[in-house]
Amino acid sequence: MQRIGAQQARNLHLAAQGLLTPPRRRARKDDVFAAIARMRVLQIDTIHVVARSPYLVLYSRLGSYAPRWLDELLEEGRIFECWAHEACFAPFVDHDLHRFHADEGGRKHWSLRSAARTRDAHAKAVTALLERIRAGGPVKASEFERKDGAGGGWWGWKDEKRWLEALFAHGDLMIERRENFQRVYDLAERVRAKALRFAKPDPVGDEATMRRAFVLGAVRALGVTQARWINDYFRSGGKLRDAELDPWVDAGELLRVDVEGWDKPGYVHAAHADLLAQAARGRLRATRSVLLSPFDPVVWDRERAATMFGFDYRIECYVPAPKRRYGYYVLPILHRGRLVGRLDAKAHRAEGVFEVKALYLEPGIQADEALVAALAAAIGDCAGWHATPQVRLDRCDPKALRTPLRAALAACAKA
């Protein structure tokens with residue numbers, strides 16, 4: 001097995017994810033699609049304390065770009081929505097893979113179990129709703145009046161919203177487009193027909209083909225990974241053992257590597273053989289400094305982030321306020337191949353203010369001049385993309401970071 005250092009493993013992972021170096025030019029619409037195709041799944045979350053997560057994940061890779069391009073790709077049919085690693089956007093070429101997994105691959109995702117219960121309990125109403133869409137065209141949940149007098153909230157859905165989601169999870173409906181981030185549902189055959197103008201999904205005829213596609217796809221998206229992290233990427237099954245990957249290693253589709261500090265071997269897709277060779281020679285250089293979404297693929301597997309980066313990350317927006325350690329919506333800070341800290345932020349769009357409630361550096365990270373400048377640039381660029389150019393910095397840990405960082409932010413604002 002080839003051996004690579006721990007930092008080179010991190011750099012290989014970031015290279016595969018499009019986060020190793022800054023973009024070389026201003027982003028175009030096709031770059032948004034390419035970034036999604038590289039990651040294979042782009043997790044959706046509706047919280048918009050900063051930018052909604054899918055838009056922020058793309059910003060971290062592309063720099064400043066037009067968020068409407070993501071919406072346009074969905075409406076055109078080049079990407080679609082599915083349940084994978086939670087709710088996700090994915091390239092339409094993977095449609096049949098995810099549909100096979102949901103329908104015949106023994107999927108145990110909570111969304112499908114919930115959808116089955118809803119369909120069984122409200123079969124007549126669900127069928128009537130489907131026929132309404134067949135006759136009248138696409139609908140949004142907001143078109144239906146709430147009859148129970150209750151409020152909304154994350155899961156306080158009206159009946160029609162639950163029925164639409166059940167039909168979506170089971171493949172009767174697809175998401176035709178989004179309006180102000182609200183899903184617009186239409187018959188799957190109509191959405192699929194539109195999407196077929198751009199791509200024909202790869203066929204998936206049996207479980208072995210599905211399993212191969214998910215394993216190889218996850219390893220390629222991750223750059224380098226341990227066996228036990230692979231299936232979490234698409235939520236395609238339980239933790240794999242090294243022996244289960246032997247057939248793909250023997251066939252040359254996966255490369256088994258020894259990573260410094262790992263107690264298990266790593267795996268690299270054969271398509272990344274050149275990157276692996278560079279990593280083995282110590283030639284991959286990480287130069288990107290940027291804020292990440294809490295739902296970025298780099299950090300969504302807590303065990304993987306802890307092993308690979310020494311970064312213990314938990315999303316605390318779902319944690320009761322008194323139990324939060326860092327804040328409601330905390331952005332990991334990526335700096336030259338390391339996760340060096342986290343930032344509790346809020347974008348006040350009406351006032352044009354990007355509020356940094358708190359910034360925490362990881363233990364052992366020294367706030368030297370280079371890091372302070374990189375932090376200021378990363379925060380300032382992100383704030384500018386949000387159209388909240390005025391950065392308000394409150395608390396820092398360590399406290400001594402606050403004064404030089406404020407000065408660096410002021411200098412960035414004048415530049």
Side-chain angles (χ1 to χ4, degrees), residues 1-20 34-41 84-85 88 90-91 93-94 96-98 100-101 105-106 201-284 286 297-301 303-309 337:
M1 290 190 292
Q2 281 189 289
R3 179 174 174 80
I4 58 175
Q7 184 59 57
Q8 286 296 302
R10 289 190 281 270
N11 292 354
L12 176 51
H13 169 56
L14 295 172
Q17 282 284 316
L19 285 166
L20 187 67
I36 298 170
R38 180 197 293 264
M39 292 182 288
R40 296 290 295 275
V41 283
H85 188 99
C88 289
V93 71
D94 287 338
D96 290 6
L97 172 64
H98 291 286
F100 184 93
H101 190 208
D202 292 333
V204 182
D206 53 47
E207 191 164 342
T209 302
M210 177 197 74
R211 183 168 177 263
R212 178 180 182 276
F214 277 136
V215 169
L216 296 182
V219 176
R220 185 168 185 172
L222 287 167
V224 60
T225 177
Q226 294 185 18
R228 64 178 184 257
W229 304 331
I230 292 172
N231 279 346
D232 176 75
Y233 197 77
F234 293 109
R235 295 277 166 82
S236 56
K239 292 185 178 181
L240 293 173
R241 298 184 301 273
D242 293 294
E244 295 178 82
L245 302 181
D246 285 346
W248 293 301
V249 174
D250 293 342
E253 294 178 289
L254 294 181
L255 309 173
R256 190 172 272 145
V257 299
D258 180 23
V259 179
E260 176 191 3
W262 288 12
D263 61 355
K264 298 287 185 181
Y267 295 87
V268 176
H269 194 284
H272 291 320
D274 288 345
L275 282 175
L276 176 60
Q278 292 180 58
R281 297 194 300 269
R283 297 288 180 84
L284 289 181
V298 171
V299 294
W300 74 30
D301 184 326
E303 179 189 302
R304 170 162 52 83
T307 301
M308 188 171 285
F309 290 93

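Taken from CG in Asp242 to CZ in Arg228, the straight-line distance is 9.0 Å, to the nearest 0.5 Å. Distance CD/Glu207 to CZ/Arg212: 15.5 Å, rounded to 0.5 Å. A distance of 11.0 Å separates CD1 in Ile230 from CZ in Arg304, rounded to the nearest 0.5 Å. Separation of atoms CG (Asp301) and CG (Asp232) is listed at 4.5 Å; rounding is to 0.5 Å.
With a 4.5 Å cut-off on side-chain heavy atoms, Gln8 and Arg281 do not count as touching. The shortest side-chain heavy-atom distance between Gln2 and Leu276 falls under the 4.5 Å cut-off. By the 4.5 Å heavy-atom criterion applied to side chains, Leu216 and His269 are counted as neighbours. Between Asp202 and Asp96, every side-chain heavy-atom pair lies at or beyond the 4.5 Å cut-off.
The backbone N or O of Pro265 lies less than 3.5 Å from no partner atom in the side chain of Gln226, so there is not a single donor-acceptor pair. Although no hydrogens or angles enter the test, the distance criterion places a donor-acceptor pair under 3.5 Å between the side chain of Arg10 and the main chain of Met308. In this structure, Asp94 contributes its side chain and Leu97 its backbone to no donor-acceptor pair below 3.5 Å. The backbone N or O of Val224 lies less than 3.5 Å from no partner atom in the side chain of His13, so there is not a single donor-acceptor pair. Asn231 places a side-chain N or O within donor-acceptor distance of the main-chain N or O of Gly238, the cut-off being under 3.5 Å.
Remark: Arg3 CZ is packed, more than 12 non-hydrogen atoms of other residues, nucleotides or ligands lying under 6.0 Å away.
Residues satisfying the ring-ring contact (aromatic ring centres under 6.0 Å, His included) criterion with Tyr267, sequence neighbours excluded, are absent altogether. The side-chain contact (heavy atoms from CB on, under 4.5 Å) test applied to Arg38 returns no partner, not counting sequence neighbours.
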Handout entry: Working for side-chain hydrogen bond (donor to acceptor under 3.5 Å, both in side chains), residues Asp274 and Gln278
Key = CA-CA 6 Å; Asp274 288 345; Gln278 292 180 58; over 6 Å; no
Exercise for the section: Check the pair Arg211 / Glu244 against salt bridge (charged side-chain N to carboxylate O under 4.0 Å, His left out), numbers first and verdict last. Expected result: CA-CA 11 Å; Arg211 183 168 177 263; Glu244 295 178 82; 3.5 Å; yes
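Residue pairs meeting the ring-ring contact (aromatic ring centres under 6.0 Å, His included) criterion with at least one partner in residues 201-232, sequence neighbours excluded, are His98-Phe214, His101-Phe214, Phe214-Phe234, Trp229-Trp262.
What you find for Pro91 and Ile36 is that their closest heavy atoms are CD-CG2, 4.1 Å.
Glu253 has no carboxylate O lying under 4.0 Å from a charged side-chain N of Arg220, or vice versa, which leaves the two without a salt bridge. A salt bridge does not link Lys264 to Asp258: none of the charged side-chain nitrogens sits closer than 4.0 Å to a carboxylate oxygen.
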